[in-house]
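One structure below.
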Amino acid sequence: MNALKASPAAVFAHRHLLGIEGLLPEEITALLDLAEQAVEVSRQVEKKKSVLRGRTQINLFFEASTRTQSSFELAGKRLGADVMNMSVGSSSVKKGETLIDTAMTLNAMNPDILVVRHHAAGAVHLLAQKVGCSVINAGDGAHEHPTQALLDALTIRRHKGPIHDLTVAICGDILHSRVARSNIMLLNALGARVRCIGPSTLLPKGLDRLGVEIYTDMRRGLKDVDIVMMLRLQRERMDGSFVPSTREYFHFFGLDAEKLALAKPDALVMHPGPMNRGVEIDSAIADGPQSLIRDQVEMGVAVRMAVLEALAQNLPNG
Amino acid sequence: MNADRLNPTERPLVLENARVVDPSRDLDAPGSVIVANGLIVAAGPEADAAARPEGAEIVDCRGKVVMPGLIDMRVFVGEPGAEHRETFASAGQSAAAGGVTTMITMPDTDPVIDDVALVDYIARRTRDTTLVRVLPMAAITKGLKGREMTEFGLLREAGAVAFTDGRHSITNALVLRRALTYARDFGALVMHHAADPDLTGSGVMNEGETATRLGLSGIPREAEIIMLERDLRLAALTRGRYHAAQISCAESLEIIRRAKKAGLSVSCGVSATHLTLNELDIGPYRTFFRLSPPLRSEDDRQAMIEGIADGTIDVIVSSHDPQDVDTKRHPFAEAADGAVGLETLLAAALRLVNNGEATLSAVARALSTRPADLLGLPGGRLTEGAPADLILVDPAMPWICDGEKLRSRSKNTPFEGARFEGRVLRTIVAGRTVYEYAAD
């Protein structure tokens, strides 16, 4: 371990990263600080570190994901890990193999770190109880997606400075969004003011108890905010009619220049991707000067490197 | 029918120096209980002076409680169809250890209990294999499909004690109306699981802050309340005998209270689990706490306790529902509902007594006398001539629930590691001892 820099393990003493809920503000800050260093590493020609040399990282994705999986893969490789990607589509599930069976099979391969995405909330917790290695939640159902919230925070911090003075609006399909939940937890932990904006059918019951202000009128909700965080309208998750049409949705909740003008003049726009252009966000905004969407992707790799590094220092013999 | 089975060969039994609790006559007093031929000869203070039968086994109860054996109105068994989860034999052992002397079984089996031959099958199958009495409820509708009525009259003659579609709710109001009307001709009770499947949707736990934090879809209270309101309108329309299998919300209690005040033949149950746990016990996605109806908030739980204390809620059930790893070791949203409960039913219900929230008589009534009355059974009481189904209980004995030691084939208890006070020392069915407590 590098004795010269502050040990993140001393601050981040967890075996797994299952969610933002339960993390202390100083733990979050430590991860963000570590990620800043990773940004520098990633911008060098020589991008490799060796903290994970000899370690095995398995990316276990029960749900298809291009950007999160490749981001974790790159992060692991830049830290020197052997990375294996496993996309467990519906095939094993159809054959009757349960999540636990899959976990036990993988466990027998002695991985050090398991990165898991699953369509059911709590699935990653269940896995973490059954395997012997560190587990990172790469998104579980509508529960949490902690590395997304961390990369969003890093992106905000690099452009706006300390998060505690900011007002952040999270807009759209809050009900089905794990990104929203993780961001609400994280932004609240760091002292930001959080607003949630969406049609009532896409706002979960009890959301007001999570320390957010709720708006169903986007124009009012965007007033004077520093950050506009758009969410993907998760049409594939919808088992009922939550909004009547994408046309109506875009009219009231799609981010266009007119609505964005209501936010602070220097407000910045974020989106976890993949975007539905013309449904929740206008193309001109997504590609415009206020957009941080491409920065988010870069920060994604850095944050995942930071998380991997922090957990690696808590691994046995680490 | 095994409800009437006599035991002329069994040695007579005298339980002396007991605290005799018989809710059927508001009795909670020191006394004795005398049993012969599988029936109660005398019970209470008056039995102290009564003649002891010749050759009787005399038991000194040392002041411990003797009360009627429990009649559990909601027991799911895996037989026929899912014997790997539970058989009548294993459920019977679990029941005996929990002080349950009569299991009222649900028709949700494979095949569904919707035919006379299957009611016969249960009677034959349980006669020799099961330690306690088993009385089946038959399906209201064929195949539990919510459409065609089953043969209420013939099923009743075969031994079905009431009618229910088990876990299923009947969404078609006309079907339930006809069932309530037709059942009235036979004096039969119709027990319904009031949960609107459309409002329940993909919900897996109580709707609200906790579900939102966990990222799980919620089941609104209205799924129960709206269905219950509808059902009670139908009960008023038909004047049939309606029983809500399990209520879970404070507002449901108000609805039942109002219906009873209006003079309807309406009754309801609550599970011991809903009396003792709330939604926060789910913790980190523990699937053994996934139930239907779902565990609700602490306010709802408090209301359920109040309902037992004031008698608005008629019966306490275990809602014993054995589930195995194949249905429970999944992410919360993909796991099956249900928890085992026969062995913890009494201990969980006694928490109300030990916390001073309800009297022992009130709890015992909801566990024995009321279910017997609702189903027209002769048990559930300690009176002369009643079947000798009774239990000896130490209401203060502390113990810790160890799931692995449960006699049920399935170990899906939400009470793993829970501390209880109150243990069954002896269970007697038709005068025969079927369980005796032995220290581990």
Side-chain angles (χ1 to χ4, degrees), chain A residues 16 18-22 62-63 93 96-104 116 118-130 137 139-146 174-182 184-185 196 203-212 214 237-242, chain B residues 84 196-225 249 278-290 294-300 323-337 411-412 416:
Chain A
H16 309 297
L18 303 180
I20 298 294
E21 191 169 28
F62 291 88
E63 226 181 35
V93 181
E97 187 171 80
T98 66
L99 176 63
I100 307 276
D101 295 333
T102 310
M104 295 327 287
V116 186
H118 196 277
H119 51 83
V124 183
H125 280 77
L126 183 61
L127 264 176
Q129 288 163 19
K130 305 290 174 189
N137 184 357
D140 63 324
H143 178 226
E144 282 228 44
H145 189 357
I174 313 277
L175 181 67
H176 297 99
S177 176
R178 51 193 171 220
V179 175
R181 279 172 185 72
S182 287
I184 289 168
M185 303 291 167
C196 285
L203 299 173
K205 264 265 181 96
L207 181 62
D208 52 322
R209 307 278 290 269
L210 267 49
V212 300
I214 295 173
R237 257 180 232 283
M238 294 197 174
D239 57 1
S241 177
F242 290 88
Chain B
H84 64 292
D196 184 315
D198 292 319
L199 265 179
T200 299
S202 57
V204 294
M205 69 170 289
N206 186 39
E207 185 172 271
E209 181 189 350
T210 311
T212 294
R213 277 183 189 279
L214 291 171
L216 294 171
S217 357
I219 303 173
R221 290 178 180 79
E222 285 70 16
E224 173 175 308
I225 293 166
C249 314
N278 67 32
E279 60 181 343
L280 296 174
D281 288 300
I282 289 169
Y285 303 97
R286 292 188 290 184
T287 58
F288 289 1
F289 294 76
R290 183 174 162 173
L295 291 171
R296 301 283 184 188
S297 71
E298 178 62 11
D299 288 348
D300 291 307
Q323 298 289 339
D324 203 1
V325 289
D326 58 337
T327 50
K328 278 293 190 185
R329 278 178 66 182
H330 291 289
F332 196 87
E334 292 167 5
D337 293 319
K411 313 297 181 192
N412 56 310
E416 177 67 46

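Throughout, protein chains are lettered first and strands after them, A, B, ... in sequence-line order, and every chain is numbered starting at 1.
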Counting only heavy atoms closer than 4.5 Å, note whether A:R181 contacts chain B via side chain, backbone, both or neither. side chain
Identify which part of A:E144 has an atom lying under 4.5 Å from any heavy atom of chain B, answering side chain, backbone, both or neither. neither
Under 4.5 Å heavy-atom distance to chain A, tell me which part of B:R286 shows up: side chain, backbone, both or neither. neither
Once you measure the plane-to-plane angle for A:H143 and A:H125, does it fall in the parallel (<30°), tilted (30-60°) or perpendicular (>60°) bin? tilted
If I compare all heavy atoms of B:A336 with all of B:K328, which pair ends up nearest, and what's the gap? O-NZ, 2.7 Å
For A:E63, is there an ion pair with A:R178 - N to carboxylate O distance below 4.0 angstrom? yes
Chain B: which of A:G122, A:G206, A:P204, A:G19 shares the most heavy-atom pairs with it under 4.5 Å? A:G122
For A:H145, give me all partners under ring-ring contact (aromatic ring centres under 6.0 Å, His included), at least two apart in sequence or on another chain. none
